[in-house]
2 protein chains.
Amino acid sequence: MNGPEKPARGRKVTSFDVAQRAGVSRAAVSRSFTPNASVSPETREKVVRAAKELGYRVNYLARGLINRRSDFVGVIAAGMDNPYRAMQIEQITKNLVRRNFKPILLPADHGESADHVMDQLLHYNVSGVLVTSDAPPTALCAEFAAAGVPIVLINKADTIPSVDRVVSDNNAAGKLAAATLVEAGARKLAVIVSSATSYTARCRQQAFVSACYALQRDVRVIPVEYNSYRHGLAAASCLDGVDGVFCVNDYMACGLIDGLHRQGGRDSIRIVGHDDIPQAAWSAYDLTTISQPCDVQAEQAVNLLVSRMDEPAQPERLEVTPVSLVRRGTA
Amino acid sequence: MNGPEKPARGRKVTSFDVAQRAGVSRAAVSRSFTPNASVSPETREKVVRAAKELGYRVNYLARGLINRRSDFVGVIAAGMDNPYRAMQIEQITKNLVRRNFKPILLPADHGESADHVMDQLLHYNVSGVLVTSDAPPTALCAEFAAAGVPIVLINKADTIPSVDRVVSDNNAAGKLAAATLVEAGARKLAVIVSSATSYTARCRQQAFVSACYALQRDVRVIPVEYNSYRHGLAAASCLDGVDGVFCVNDYMACGLIDGLHRQGGRDSIRIVGHDDIPQAAWSAYDLTTISQPCDVQAEQAVNLLVSRMDEPAQPERLEVTPVSLVRRGTA
DNA sequence: CTGTTAGCGCGTTCAT
DNA sequence: ATGAACGCGCTAACAG
């Protein structure tokens with residue numbers, strides 16, 4: 001007979017099996033796989049070998065049942081067509097995994113579905129939830145907080161008791177955009193933004209408009225339905241007389257640039273984006289933009305989460321992600 | 001007193017609490033939340049009300065302990081910088097959630113980490129695993145199969161007993177690319193491809209080269225380190241004498257186009273990409289490409305998964321995702 | 001249709 | 001340091 005024994009088909013190997021084979025009690029097996037438990041090196045040795053031979057692995061679900069905690073963290077995300085989301089999700093999940101959490105990813109595009117999906121999470125007693133969705137689940141958040149489940153909102157508006165948030169420094173971003181455009185020689189400014197969906201984008205818009213007033217420049221708000229490539233593309237035809245534009249995100253800015261290019265007037269108008277998605281650096285766009293570092297943002301979010309796991313009763317906190325200008329060709 | 005009662009801080013409300021408040025047994029509570037269970041409408045009514053008042057929710061983890069199954073499905077993904085991955089992950093997770101699974105997303109970029117991460121999954125007895133990573137976990141897959149965990153590989157090479165796969169129709173893609181370039185008037189062909197990482201990309205390359213021979217055209221293979229934007233950009237300087245290029249993915253093709261543009265020679269050379277990422281349709285690129293529909297691919301993968309969950313012993317299967325040409329400006 | 005019993009796989013007292 | 005007993009939250013099987 002060669003190779004490790006196979007457990008009987010379909011029957012999972014349990015700590016009992018290991019205990020039996022190692023000639024010890026189940027408690028000994030448990031302790032052998034629990035950090036900082038008191039087991040003699042010899043018993044542990046026996047247990048570990050038996051476990052390996054049987055292909056045994058601790059059932060974390062059962063363990064969690066006793067400890068009253070699972071290592072799961074819900075990640076709610078909407079608008080995955082925006083490349084920035086992909087970066088966000090990558091950073092968040094990597095950060096989570098690094099700290100030994102298991103991210104369960106829940107796409108929630110169509111508003112109502114977010115409720116249903118978050119509701120599901122309660123059944124798995126996740127030890128926390130991260131929300132990057134644009135569509136606010138408002139009331140549901142309170143329910144989580146009430147259930148004692150830490151929840152962190154990323155770039156969202158609602159200030160809810162016991163719900164922490166991390167938001168980008170939109171104020172600085174708006175100012176930076178205005179200053180950069182003006183410095184580049186723009187006189188007639190505009191900002192393209194969806195009035196409905198994204199809270200954080202509206203904040204940037206407001207900061208931008210204020211800054212333009214302060215700099216004594218004309219500024220127009222060009223409303224679109226959604227901050228996406230498509231709508232940026234379409235907005236290109238609404239820019240008569242404008243010579244400097246702030247796009248509230250790069251995704252839309254790429255559309256705008258392509259739209260202007262079709263009209264042959266790309267170079268005559270300065271553009272600043274926001275997010276610094278990979279495409280902004282692609283030389284077809286070479287977009288001057290404001291970086292929102294989603295790696296530090298992920299770090300902040302997860303930090304808030306674990307800190308509230310340790311101390312659930314503390315008052316809600318607001319963390320601000322710093323932004324910075326990335327100078328490229330469009331301004 | 002108004003509003004729903006709050007459970008004591010920190011103490012989760014259990015089926016026992018509900019049973020007590022509704023004046024029934026715990027079994028009755030259980031049945032009230034189990035589809036197709038036999039409960040009288042009245043008891044269920046009482047139970048549901050009590051549950052609502054207490055904020056009770058069934059603990060699926062405990063339930064899974066009995067049923068010997070969790071609703072979790074592991075999703076291993078690498079190379080999230082490629083926009084195609086983002087689409088893939090979105091489709092996969094949406095599909096999973098629609099069928100009431102909970103996708104746990106595990107980023108696994110650096111080869112070795114994939115092993116560790118997949119190993120973790122065994123502890124949560126997931127009911128299946130989907131792998132889209134470029135780096136093959138080879139031996140580990142067998143371990144999963146042995147443990148009775150269904151596992152489906154997307155666009156990967158290894159044929160392992162009991163491990164199902166879904167791969168894109170790379171043969172058709174290669175032929176299609178060659179035919180399209182030739183039809184567009186190309187005489188000196190080339191294919192840009194990483195020789196190390198992606199199995200599926202190498203298949204496309206081989207099919208392409210064969211098709212070029214069949215069409216009696218010259219063809220060169222231009223090797224790069226990784227099929228990414230950066231390397232596509234760099235490859236632009238290796239194309240002397242070539243007038244038709246097949247990029248094994250769009251991500252790299254975007255880089256190539258930008259690279260050629262810098263040299264001022266974009267229009268003189270025909271290009272076909274693969275995947276049909278959103279950026280391929282962006283008018284800065286307007287890339288003729290071969291669509292690999294990741295929504296149907298996700299559907300295929302999940303189908304394979306559930307079918308093996310129902311019937312674990314069946315022989316491994318191979319499903320092919322159909323591809324189709326999307327004509328745009330570059331060919 | 002209902003309540004009672006047993007047990008899923010495991011961690012943790014409490015003795016020894 | 002080790003084993004026996006109990007319980008985490010829930011459902012399956014069995015009576016009634």
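Order of the sequence lines fixes the chain letters, A, B, ..., with proteins taken first and strands second; residue numbering starts at 1 for each chain.
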Treating primed atoms plus P, OP1 and OP2 as sugar-phosphate and everything else as base, which nucleotides of nucleotides 9-16 of chain C get B, S or - for protein heavy atoms under 4.0 Å? BBBBB---
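Remark: B/R317 engages B/D164 in a salt bridge, criterion side-chain N to carboxylate O under 4.0 Å.
Looking at residues 38-46 of chain B, you'll see B/S38, B/V39, B/S40, B/T43 sit with a heavy atom under 4.0 Å from some atom of DNA chain C.
For CZ of B/R99, the number of neighbouring non-hydrogen atoms (other residues, nucleotides, ligands) closer than 6.0 Å is greater than 12.
Two residues are said to be in side-chain contact when any heavy atoms from C-beta on lie closer than 4.5 Å; A/K102 and A/V73 fail this criterion. Looking at B/V163 and B/L153, their side chains come closer than 4.5 Å, going by heavy atoms from C-beta outward.
Using a distance-only test at 3.5 Å, with no hydrogens or angles considered, no donor-acceptor pair links the side chain of B/R165 to the main chain of B/T159. Proximity of a side-chain donor or acceptor of B/S127 to a complementary backbone N or O of B/S70 within less than 3.5 Å is detected.
Whole-Å rounding puts the B/Q20 CD to C/dG3 C1' distance at 16 Å. In this structure, B/L54 places its CG atom 15 Å from C1' of D/dG9, rounding to the nearest Å.
Residues satisfying the ring pair (Phe, Tyr, Trp, His ring centres under 6.0 Å) test with B/F33, not counting sequence neighbours, are B/Y56.
Side-chain N/O atoms of B/Q297 and B/S168 include no donor and acceptor closer than 3.5 Å.
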